[in-house]
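The structure appears right after this line, and notes come after that.
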Amino acid sequence: MERRDYIGIGVLLAMVIAVPFLVDNPYYLGVLVFTALNCLTCIGLSLLMGYAGQISLGHAAFIALGAYSSALLTTLAGWSPWAAMGAGAVISAVVAVIVGVPSLRLKGHYLAMATLGFSAIVHIVAIAAVDITGGPQGIGGIPYLSFGDLVLDTDIRFYYFSWAVVIIGLILALNLIHSRMGRGLRAIHGSEDAACAAGVHTALYKIQIFIISAVYASISGSLYASYATYIDPGPFDVMHSVLLVTMVAVGGMHRLWGAVIGAVLLSLLPEILSSFSGYFQMIGLDYSQDYDILIYGGILLAIMLFLPEGLFSGGRSLFRYLYQKFSPAEEEG
Amino acid sequence: MAQYPLLRISGLRKVFGGVIAVDDLDFDADTGSITALIGPNGAGKTTVFNMITGFLPPTDGEILFVERKIEKLPSHRVARMGVARTFQHVQVFSQMSVLENVMVGRHTRSKTGLFLSLLTPPFWRPEERRIEEKAREWLSFVGMEGIADRPAGSLPLGNQRMLEVARALAAEPKLLLLDEPASGLNARETLAMGELIGRIREMGITVLLVEHDMELVMEISDQVVVVNFGRRIAAGTPAEVQLDPDVIAAYLGE
């Protein structure tokens with residue numbers, strides 16, 4: 001990790017601690033918990049997209065694997081939620097190997113295809129295997145996570161816990177990219193031939209990163225299950241996978257911080273939009289959630305056209321440009 | 001038991017569709033020697049390099065390196081056995097710093113895996129410090145320690161070629177393949193490159209190079225292998241090869 005990263009983590013930590021003093025409405029705290037869960041998934045996805053150069057259109061399915069593992073193992077088998085979360089992570093890692101190995105041995109975007117198919121299968125199974133998953137009815141009564149006597153049963157407790165997990169996940173991911181392996185991955189971006197000639201095992205690294213990102217998604221799913229205490233197949237459809245990819249791309253996929261920023265902005269966006277719904281009515285539009293998808297699409301399009309490096313890097317370049325243009329030292333006659 | 005050379009190429013063949021790029025090529029490279037592979041453009045020299053380093057599978061033939069067949073191994077395995085290379089068209093990691101480029105070269109000499117990378121920050125990893133120390137040593141070996149923090153993509157071509165050599169050397173290879181190391185360099189830089197290759201040999205590293213600068217080749221090589229249309233037409237010391245009628249014919253286009 002570099003010094004900038006420590007500063008970033010310090011700022012993030014301060015914001016996480018400060019926000020509940022400004023927001024005490026449980027609904028908004030809930031929104032911030034979901035934001036944290038998206039952040040966690042997006043950090044993993046950013047490792048895959050930005051560093052291994054692969055796209056997954058099935059991360060919602062890994063979230064589902066984590067969520068359903070937690071739900072089923074706690075309610076049916078009586079496992080502790082922690083053990084169930086671990087089991088979900090292991091299951092996701094194994095599935096990632098099965099889905100990833102055949103497609104990542106090939107060059108090109110086969111992983112996107114494989115994960116898209118996998119995502120559809122998981123969603124259908126969640127809906128159709130009524131005896132196990134409860135079908136569209138879902139599974140309720142999932143126990144809360146707890147540390148001894150401290151049960152994470154309130155929004156504020158879960159809020160702190162989920163953001164702590166995000167920060168830990170971010171630190172681990174930053175460690176990874178500033179390691180021998182991360183250097184190898186960045187080298188692949190520079191020149192795959194030269195990286196191979198230097199002994200970088202391209203295919204193995206891509207698979208390992210895919211596994212890590214699947215585990216991040218799975219843990220996010222397990223956290224979701226024990227926070228909401230009820231799950232159904234609804235949130236785990238392919239559209240959610242696409243939304244996650246959008247978050248990473250909007251923030252800037254070559255920077256982990258970009259994923260954090262993209263996830264936060266796009267998770268909060270629906271709330272911001274719905275608070276503006278009054279204005280929409282004033283201009284004769286009946287705002288409904290259906291417009292969200294239109295707005296996401298527009299944002300993605302605009303980012304890809306004007307800030308292909310994402311908001312994080314793009315914003316930085318913009319800031320530098322403005323600074324150079326308007327800095328007093330450069331002003332001459 | 002007969003003493004094997006470090007590298008033995010026998011009956012090597014590569015066919016692309018209907019084109020025979022390399023045809024039944026044989027040569028040895030002895031430990032500690034400098035062997036030059038020369039020939040007109042399109043003679044198949046780079047294809048030979050690509051087969052030795054595992055980028056291309058040969059159609060037929062054998063490549064023995066330290067008495068092991070390596071022609072079916074993928075490139076990262078060949079690299080781990082101690083073969084490093086540079087490229088005809090410079091391939092530096094342009095977004096990374098000069099130092100980081102050389103640190104990637106230490107890949108086969110380090111082993112921190114996935115879990116350790118995740119769980120420990122870089123400053124807790126003694127290996128990471130060793131990688132950086134070694135990388136700096138190799139940078140000063142090629143005389144580039146002063147520009148370690150520059151982005152590699154911003155360097156002039158001469159420096160990028162030197163950087164590629166430093167990255168390859170950082171792996172401390174047994175065999176170093178240099179693909180046209182002097183191409184695009186001016187006279188002074190070519191001289192420096194020749195001097196560098198000499199120092200590399202003194203360290204006991206075997207060098208195999210493809211080069212068009214005949215003055216450089218004749219000065220530094222122990223053995224010259226001349227190929228034309230993928231076939232070996234001559235091999236021997238620089239003096240022998242220069243007098244060979246087939247070589248003169250190939251070069252003067254008779």
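Everything numeric in this text was worked out from a predicted model, so none of it was measured. Throughout, protein chains are lettered first and strands after them, A, B, ... in sequence-line order, and every chain is numbered starting at 1.
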Problem - From CA spacing to verdict: side chain to side chain contact (heavy atoms under 4.5 Å, CB included), Arg183(A), Ile131(B) - result: CA-CA 12 Å; Arg183(A) 228 176 4 251; Ile131(B) 292 174; 3.6 Å; yes
Problem - Check against side chain to side chain contact (heavy atoms under 4.5 Å, CB included), Arg186(A) and Gln95(B) - result: CA-CA 9 Å; Arg186(A) 279 186 295 148; Gln95(B) 306 294 323; over 6 Å; no
Practice task
With side chain to side chain contact (heavy atoms under 4.5 Å, CB included) as the test, would you mind laying out the steps for Leu114(B) and Ile211(A) before giving the verdict?
Solution key: CA-CA 11 Å; Leu114(B) 181 65; Ile211(A) 294 170; over 6 Å; no
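Counting heavy-atom pairs closer than 4.5 Å to chain A, the top-ranked of the candidates Ala79(B), Ala84(B), Ser110(B), Gly54(B) is Ser110(B). Each of Gly184(A), Ala173(A), Ala194(A) has some count of heavy-atom pairs under 4.5 Å with chain B, and the biggest count is that of Ala194(A). Counting heavy-atom pairs closer than 4.5 Å to chain B, the top residue among Thr202(A), Leu204(A), Val200(A) is Val200(A). Ranking Ser117(B), Gly153(B), Pro173(B) against chain A, the residue ahead of the rest is Ser117(B), based on heavy-atom pairs under 4.5 Å.
Only the side chain of Ile212(A) comes within contact range of chain B, judged by heavy atoms closer than 4.5 Å. Of the atoms belonging to Thr120(B), it is backbone heavy atoms, and not side-chain ones, that fall under 4.5 Å from chain A. At a 4.5 Å heavy-atom cutoff, the contact between Glu127(B) and chain A is made by side-chain atoms alone. Only the side chain of Arg167(B) comes within contact range of chain A, judged by heavy atoms closer than 4.5 Å.
Minimum heavy-atom separation, Ala197(A) to Phe87(B): CB-CZ, 3.9 Å. Between Thr108(B) and Gly199(A), the shortest heavy-atom distance links the atoms CG2-CA, 3.8 Å.
Taken from SG in Cys196(A) to CZ in Arg85(B), the straight-line distance is 10.5 Å, to the nearest 0.5 Å. Taking CZ of Arg180(A) as the start and CD of Glu128(B) as the end, the distance is 10.0 Å to the nearest 0.5 Å. With values rounded to the nearest 0.5 angstrom, Leu176(A) atom CG is found 5.0 Å from Leu118(B) atom CG. The distance from atom OG of Ser179(A) to atom CG of Leu119(B), rounded to the nearest 0.5 Å, is 11.5 Å. Within the model, atoms OG1 of Thr53(B) and CG of Asp193(A) stand 9.0 Å from one another, a figure rounded to the nearest 0.5 Å. Taking CG of Asn175(A) as the reference point, atom CZ of Arg125(B) lies at 6.0 Å (rounded to 0.5 Å).
Using cut-offs of 30° and 60° for the angle between ring planes, the Phe123(B) and Tyr6(A) rings count as tilted.
By the 6.0 Å contact criterion, CE on Met15(A) is open, its count of non-hydrogen atoms from other residues, nucleotides or ligands being 12 or less. Within a 6.0 Å radius of NE2 in His89(B), other residues, nucleotides and ligands contribute 12 heavy atoms or fewer. The neighbour count for Phe319(A) CZ, taken as heavy atoms of other residues, nucleotides or ligands under 6.0 Å away, does not exceed 12. Heavy atoms from other residues, nucleotides or ligands lying under 6.0 Å from OH of Tyr160(A) number more than 12.
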